[in-house]
Chemist: 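Here it is, the structure, as structure tokens.
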Amino acid sequence: MGNYDFNSIESKWQKYWAEHQTFKASNVSEKPKYYVLDMFPYPSGAGLHVGHPLGYIASDIFARYKRHKGFNVLHPQGYDSFGLPAEQYAIQTGQHPRKTTQENIARYREQLDQMGFSFDWSREVRTSDPAYYKWTQWIFMQLFNSWYDYQQDKARPISELETILSSEGNTGVMAASDNDTPAVTAQQWNDFTSEEKQRLLLNYRLTYLAETEVNWCPQLGTVLANDEIVNGVSERGGYPVVRKKMKQWSMRITAYAQRLLNGLDTIDWPQPLKDSQTNWIGRSEGAEVHFKLQHSDHTISVFTTRPDTIFGVSFMTLAPEHELVAEITTAAQKEEVETYVAATAKRSERERMADVKSITGAFTGAYAVHPFTGKPIPVWIGDYVLAGYGTGAVMSVPCGDQRDYDFARHFNIPIPNIFEGIDISEGAFSDKDKTVIANSDFLNGFQYKEATNKVIEALEQKGTGKGKVNYRLRDAVFSRQRYWGEPFPVYYKNGLPQLIDERYLPLTLPEVSAYLPTEDGEPPLGRADTWAWDSEQNKVVSNEKIDHETVFPLELNTMPGWAGSSCYMFRYMDPRNDQALASQEAMEYWQNVDLYVGGSEHATGHLLYSRFWVKFLYDRGVLPVDEPFKKLINQGMILGESAFVNRLEGSNTFVSAGMQTGNVMQPIHADVSFVNHSNELDIEAFKAWRPEYEDSEFITEKDGAFKVVREVEKMSKSKYNVVNPDDICERYGADTLRMYEMFLGPLEQAKPWNTAGITGVHSFLKKLWKLYHSGIAADGKQGGVFSVSEEPASGESLRILHKTINKVEEDIENFSFNTSVSTFMIAVNELGAQGCNSREVLEPLVVLLSPYAPHISEELWQKLGHSESISIAAFPKFEEKYLVEHTKEYPISFNGKTRFTLELPLDMAKEDIEAAVMAHEKTENYLAGRAPKKVIVVPGKIVNIVG
RNA sequence: GCUGAAGUGGUGGAAUUGGUAGACACGUUGGACUUAAAAUCCAAUGGUCAGAAAUGGCCGUGCGGGUUCAAGUCCCGCCUUCAGUACCA
């Protein structure tokens, strides 16, 4: 019957599925819905390596499984196709990013198709497609036109705020707003010019333009959000990042801090991921305390989590960037303070982080007044206080905080002790649950909790402070000085941002002569000749037409990468709708994503931002749900096994791994394709790789082989350790690749790719094929096995089948796909040994296998006599009766009475059971009168009864 | 430092959640088929001791204690590795 010709089987079914649109999901169905989504890929020029599809395979198994289970499954795919790499490639080559992006997408699609995924491609979206980013721009506009009302705890239209302002002013408004929002009465508001009104409203809008200190990356020529910076350098490229004041769009995500936190309790995500979002949001409870300054009208506000230690304050510290620093510094201290401020400003984020140990600061000469004792408190500045957290100022309690303690020690500031019976001569005591407060007036004798409540009460009475919850989360900078991103639907009239009318969306990206910033430092869109908005004709016109009446300059920044990915999961529900993000019916039907699969690196980026946008759109009545992803699985990364050849330092001689005797070696990456599975290097291939290696010497092992050193690293082109899925599919087939990736280990764990092991899975599929066609079982026995017969199945083979169904279903539900592969192998071996060839058993087995190995399953299913696609077949049901019916009952007596009966497989010999009982009677357990609760019997082997 | 995850054969990893530790696979060794290689198939494979053998004994899940008839699994105390985060007041 021929060999297992996976290449032709796989292309045959892939073609069949495409032609029949087998996986096309309908928005109208009687079936229950299930939405399975992968984090969509950024199509890079390098194509996919074997690590990328891991999550797609897992989600595809789940999607196919759910279809079998009778669900209407939505399983779409698309591309996150705006982004920096395409733009940098464009800068180097002059090639339009649109073109490279299209080419990369075509390549991705080819690779994805090859792996037999059951995506509904009719719903594909691309973030760089104007028909798609129309809705990204639209959401931006909704944010611009909204404010956050803490009283109703939701976002509301900005027009409602205007109504409130015109009748009551803003004093009663509890809204998320800028810190320096001035108080305005209704009278003042109504007297405002339209421009003044707009300026005030910008303080409330959920996306706003503000002069903020941002992370500027000179090499990339753009600002970065906090989550795009890792260890003080840019995530992409690893370039230094400096602080810079710039006018930028920001998203008022801080308004949603508490709800983003609360929502975590309602979703089924991995705990580590929830933890990192919790930490990122960084809620802390405490108090805000206002310290009046001596000889000045100014007040310094601080946030503290330990208001109970307020009597331990011996100084205050401001961040060097604090706005009051210049004003409060005395003439005598001016020079010292200015020198210090200048010195800290010059230091990059990275230097500051690297050098946390050294203590620096300066005295301002100013004194604050203690709110309770009235004593003067010296005000210092120090860079251990961060401008971006809390109020940028702290009340320093050296006895209770190690940083304050170190600072006080360094500058000889007194360290009063306010803890009863605690020695603070060596360091601060910060364990708040183990102290009793002393030397603290009305707080004496109280512990942390009561003392905190009392202080807050007292502060509120005096009007010098209040209880407060502070969040670490910052508003997210939303502008990027890039070309390849969504343009803002914004133009500027007298420097004030105006939205273009939503009827004229999308505002499409203009053409530019080059993708670099302009000479005067403007973003690339500054090069566009046609980038002005005619507010009468409502269209983009040439910059030359800009005037003061009707034609205005458009925004030159573009949106960041996360803009397009924050709501794409809803667009899939109705991707071609040009009237709405998606129709109400579609959104009501699909609700939100039931299963989302992707990497954990998006914990504090995409996964936080999309939750924010979804909550916002829920508030505004656009979406019916307020969380995008009900359940989330993080697939682990597949790592590469790099190969290093060692070169003698400064020479052209390479030395095999076993022949290095203490010489200084320089490891060099060799392409893994030159190395076989016993770590032997193909010297000729290596020589031919680079001209400089052509004449190299090679010191080999005694047997003549040259061995490389292996090391596990991230899979990357630059490390020459990339394994390509195309090659694997070509050689072993997609079904083998799919099953092997699952077999490699637990889905959520990082693990190195090792091609050697793939033969195990591959030969399983070959065996299955052979078994069906030639009836030769795995153990070589001939028995006509699997050449399907209509005979009823034996009890034992039904038992094997249902054991397998039970285990595989359990595995899929728990995402333990790795153990299922073993289960299939065992089942096929056992059935082969049984000589089972009944259709009754084989059909369900083939269906059961299909989520993992869809192509071979489909092929065998067809051969079993079915003409319909396997994906509409009913999933085999696990029926316990097959496990039960084919077992025998044995009564077990205990202390003379029959205490219970045992269910055991039919093939269990009676002698074994009797031996078990006898063995049990000798145990201490029996002698102590304990009844057994479980009996373990191994046929022909050890027997054990446990109590 | 803090948070989280994890330590099981030569390797990747199983273990019905307290009940035969090492499933399944890779690798290795031996064998079959080949002139040979590849492919394929079969057998053995945690360590150790006894035995010609069948077989049996002992030790074994990072380390040290504990609970239990029974611990990879639970409790206490350590060690190590990885990941995230970091002067967050």
Side-chain angles (χ1 to χ4, degrees), chain A residues 3 230-232 270-276 278-280 282-284 286 302-307 309 316-317 319 352-353 355-359 382-386 388-397 400-404 406-407 430 470-473 600-601 603-604 634 636-637 677-678 739-740 743-746 748-764 766-767 770 776-781 803 806-807 810 816 818-826 829 920 923-928 930 932-938 941-947:
Chain A
N3 290 323
V230 179
N231 295 329
Q271 198 53 45
L273 208 128
K274 285 189 184 183
D275 289 346
S276 68
T278 306
N279 292 337
W280 189 262
R283 180 193 158 100
S284 44
V302 301
F303 174 74
T304 176
T305 52
R306 294 294 305 275
T309 62
M316 300 189 67
T317 317
R352 214 164 139 167
M353 279 170 64
D355 182 28
V356 294
K357 290 276 179 291
S358 66
I359 296 157
D383 73 352
Y384 80 96
V385 176
L386 303 175
Y389 182 77
T391 59
V394 299
M395 60 174 222
S396 301
V397 183
D401 184 291
Q402 193 57 43
R403 293 157 303 172
D404 295 343
D406 294 339
F407 195 87
S430 55
N470 192 57
Y471 298 93
R472 198 193 82 127
L473 186 72
S600 57
E601 67 273 19
T604 52
N634 289 131
M637 206 189 306
H677 58 78
S678 29
M739 287 193 89
Y740 184 56
F743 185 68
L744 222 43
E748 311 202 44
Q749 213 172 78
K751 50 214 170 261
W753 174 267
N754 169 12
T755 307
I758 201 168
T759 54
V761 173
H762 187 59
S763 59
F764 158 74
K766 273 202 284 194
K767 246 187 252 178
K770 208 167 159 189
I776 298 167
D779 59 3
K781 285 177 197 152
K803 209 173 64 183
N806 190 23
K807 180 76 167 82
E810 204 179 285
S816 321
N818 54 330
T819 48
S820 299
V821 181
S822 305
T823 308
F824 283 118
M825 291 181 182
I826 295 165
N829 281 339
H920 174 65
T923 62
E924 291 174 47
N925 212 13
Y926 178 84
L927 298 171
R930 289 191 194 90
K933 67 178 181 201
K934 188 164 182 175
V935 179
I936 301 158
V937 186
V938 180
K941 244 184 123 190
I942 296 166
V943 184
N944 185 20
I945 297 194
V946 289

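In what follows, every chain begins at residue 1, and chains take the letters A, B, ... in the order their sequences are listed. All values derive from a computational prediction rather than experimental measurement.
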Chemist: How close or far is atom P of B:rA83 from atom CG of A:L273, stated in whole angstroms?
Modeler: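 Result: 17 Å.
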Chemist: With sequence neighbours left out, write down each residue that passes side chain to side chain donor-acceptor pair (under 3.5 Å) with A:T755, or none if nothing qualifies.
Modeler: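 Applying side chain to side chain donor-acceptor pair (under 3.5 Å) to A:T755 gives A:W753.
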Chemist: Report the residues that fulfil side chain to side chain contact (heavy atoms under 4.5 Å, CB included) with A:Q749, sequence neighbours left out, ordered by chain and then residue number.
Modeler: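 Partners of A:Q749 by the side chain to side chain contact (heavy atoms under 4.5 Å, CB included) criterion, ordered by chain and then number, come out as A:P746.
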Chemist: Please give the distance between the P atoms of B:rC74 and B:rU85 as a whole number of Å.
Modeler: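 Taking atom P in both B:rC74 and B:rU85, they lie 29 Å apart.
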Chemist: Quantified in whole Å, what is the C1' atom distance between nucleotide B:rG65 and nucleotide B:rA86?
Modeler: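 To the nearest whole Å, 35 Å.
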Chemist: Rounded to whole Å, please give me the gap between CG in A:N829 and P in B:rC41.
Modeler: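 One finds 10 Å between P of B:rC41 and CG of A:N829, rounded.
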Chemist: Restricting both atoms to N or O, compile the protein contacts to nucleotides 37-40 of chain B shorter than 3.5 Å, with distance only.
Modeler:
unit_1: B:rU40; atom_1: OP1; unit_2: A:K766; atom_2: NZ; d: 3.3

Chemist: Side chain of A:K767, heavy atoms from C-beta onward: which of B:rC87, B:rC41, B:rA23 has the nearest atom to it?
Modeler: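 Nucleotide nearest to A:K767's side chain: B:rC41.
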Chemist: Drop me the distance from A:K751's NZ to A:M637's CE, to the nearest 0.5 angstrom.
Modeler: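 Between A:K751 NZ and A:M637 CE, I get 10.5 Å after rounding to 0.5 Å.
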Chemist: Taking OP1 and OP2 of B:rA89, is either one under 4.0 Å from a side-chain nitrogen or oxygen of A:Y384?
Modeler: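 False: A:Y384 side-chain N/O out of range (4.0 Å or more) of B:rA89 OP1/OP2.
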Chemist: Which nucleotide, B:rA89, B:rA23, B:rG84, lies nearest any side-chain atom of A:S276?
Modeler: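 When the side chain of A:S276 is considered, B:rG84 is the closest of B:rA89, B:rA23, B:rG84.
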Chemist: Which comes earlier along RNA chain B counting from the 5' end, the contact point of A:V821 or that of A:D404, where each point is its nearest nucleotide?
Modeler: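 Whichever sits nearer the 5' end wins; that is A:V821.
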Chemist: Measuring only the C1' atom in each nucleotide, how far is B:rG72 from B:rU16? A whole number of Å is fine.
Modeler: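 It comes out at 15 Å once rounded to the nearest Å.
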Chemist: Taking side chain as C-beta onward, heavy atoms only, is A:Y384 less than 4.5 Å from A:D404?
Modeler: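 Yes, at least one pair of side-chain atoms sits under 4.5 Å.
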Chemist: Please enumerate all residues that pass ring-ring contact (aromatic ring centres under 6.0 Å, His included) together with A:F824, with sequence neighbours excluded.
Modeler: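 Scan of A:F824 (ring-ring contact (aromatic ring centres under 6.0 Å, His included), adjacent residues dropped) gives A:Y852.
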Chemist: Taking all heavy atoms of A:F743 and all of A:N818, pick out the closest pair and write down the distance.
Modeler: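 Taking A:F743 first and A:N818 second, the nearest heavy atoms are CD1-O, 3.9 Å.
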Chemist: When the distance from CE of A:M739 to C1' of B:rC26 is rounded to whole Å, what number comes out?
Modeler: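 About 16 Å, once rounded to whole Å.
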Chemist: How far does the C1' atom of B:rC2 sit from the matching atom of B:rU20, given to the nearest Å?
Modeler: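 It works out to 43 Å between them.
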Chemist: Please measure how far the P atom in B:rG4 lies from the corresponding atom in B:rG10, and state the result in whole Å.
Modeler: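 About 33 Å, rounded to a whole number of Å.
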Chemist: Can you check the A:M825 CE to B:rC24 P distance for me, whole Å?
Modeler: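 After rounding, the reported distance stands at 10 Å.
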Chemist: Can you tell me how far apart CD (A:Q271) and OG1 (A:T278) are? Round to the nearest 0.5 Å.
Modeler: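 Answer rounded to 0.5 Å: 7.5 Å.
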Chemist: Atom NZ of A:K803 to atom C1' of B:rC24: distance rounded to whole Å?
Modeler: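 For the pair A:K803 NZ and B:rC24 C1', the rounded distance is 13 Å.
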Chemist: Calculate the interatomic distance between A:E748 atom CD and B:rA83 atom P; express it in whole Å.
Modeler: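 In whole Å, B:rA83 P and A:E748 CD are 17 Å from each other.
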Chemist: Could you pull out the protein-nucleic contacts involving nucleotides 3-13 of chain B (nitrogen or oxygen on both sides, under 3.5 Å)?
Modeler:
unit_1: B:rG12; atom_1: O2'; unit_2: A:L744; atom_2: O; d: 2.7
unit_1: B:rG13; atom_1: OP1; unit_2: A:Q749; atom_2: OE1; d: 2.8

Chemist: Pick the nucleotide of RNA chain B nearest each of A:G760 and A:R403; which residue has the one closer to the 5' end?
Modeler: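 Between the two, 5'-proximity favours A:G760.
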Chemist: Provide the distance between the two C1' atoms, one in B:rC33 and one in B:rC41, to the nearest whole Å.
Modeler: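 Taking atom C1' in both B:rC33 and B:rC41, they lie 9 Å apart.
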Chemist: Check A:T309, A:T304, A:T305 against A:P307 for a side-chain contact (heavy atoms from CB on, under 4.5 Å) and give me the one that passes.
Modeler: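 It is A:T304, the one option of A:T309, A:T304, A:T305 that forms the side-chain contact (heavy atoms from CB on, under 4.5 Å) with A:P307.
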Chemist: For the pair A:M316 and A:V302, evaluate side chain to side chain contact (heavy atoms under 4.5 Å, CB included) and give the outcome as yes or no after the intermediate values.
Modeler: CA-CA 9 Å; A:M316 300 189 67; A:V302 301; 3.5 Å; yes
Chemist: Atom NZ of A:K807 and atom CD1 of A:I826: how far apart are they, to the nearest 0.5 Å?
Modeler: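 Rounded to the nearest 0.5 Å, the NZ-CD1 separation comes out at 8.5 Å.
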Chemist: Roughly how far, to the nearest 0.5 Å, is the CG atom of A:N634 from the CD atom of A:E601?
Modeler: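 Between atom CD of A:E601 and atom CG of A:N634 there are 8.0 Å.
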Chemist: Give each stem of RNA chain B as a range with a range, requiring at least 3 consecutive Watson-Crick or G-U wobble pairs whose two distances are under 3.5 Å.
Modeler: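 Stem list for RNA chain B: B:1-7 with B:79-85, B:10-12 with B:24-26, B:27-32 with B:40-45, B:46-50 with B:55-59, B:62-66 with B:74-78.
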Chemist: Once you round it to whole Å, what is the distance between C1' of B:rU85 and CG of A:L473?
Modeler: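 After rounding, the reported distance stands at 15 Å.
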Chemist: To check you understand the geometry: which heavy-atom pair defines the closest contact between A:T317 and A:G382, and what is its length?
Modeler: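 Reported closest heavy-atom pair: CG2-N, 3.5 Å.
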Chemist: Which nucleotide wins on minimum distance to the side chain of A:Y389, given the candidates B:rC24, B:rC26, B:rA89?
Modeler: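 The answer is B:rA89.
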Chemist: Give a yes/no on whether any side-chain N or O of A:R472 is located under 4.0 angstrom from OP1 or OP2 of B:rU85.
Modeler: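 No, A:R472 has no side-chain N/O under 4.0 Å of OP1/OP2 on B:rU85.
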Chemist: Quantified in whole Å, what is the C1' atom distance between nucleotide B:rU73 and nucleotide B:rA14?
Modeler: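 Straight-line distance between the two C1' atoms is 14 Å.
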Chemist: In whole angstrom, give me the gap between the C1' atoms of B:rA39 and B:rA32.
Modeler: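 My reading of the C1' atoms in B:rA39 and B:rA32 gives 14 Å.
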Chemist: Indicate yes or no: at least one non-hydrogen side-chain atom of A:K766 is less than 4.5 angstrom from one of A:N3.
Modeler: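 Answer no - side chains too far apart.
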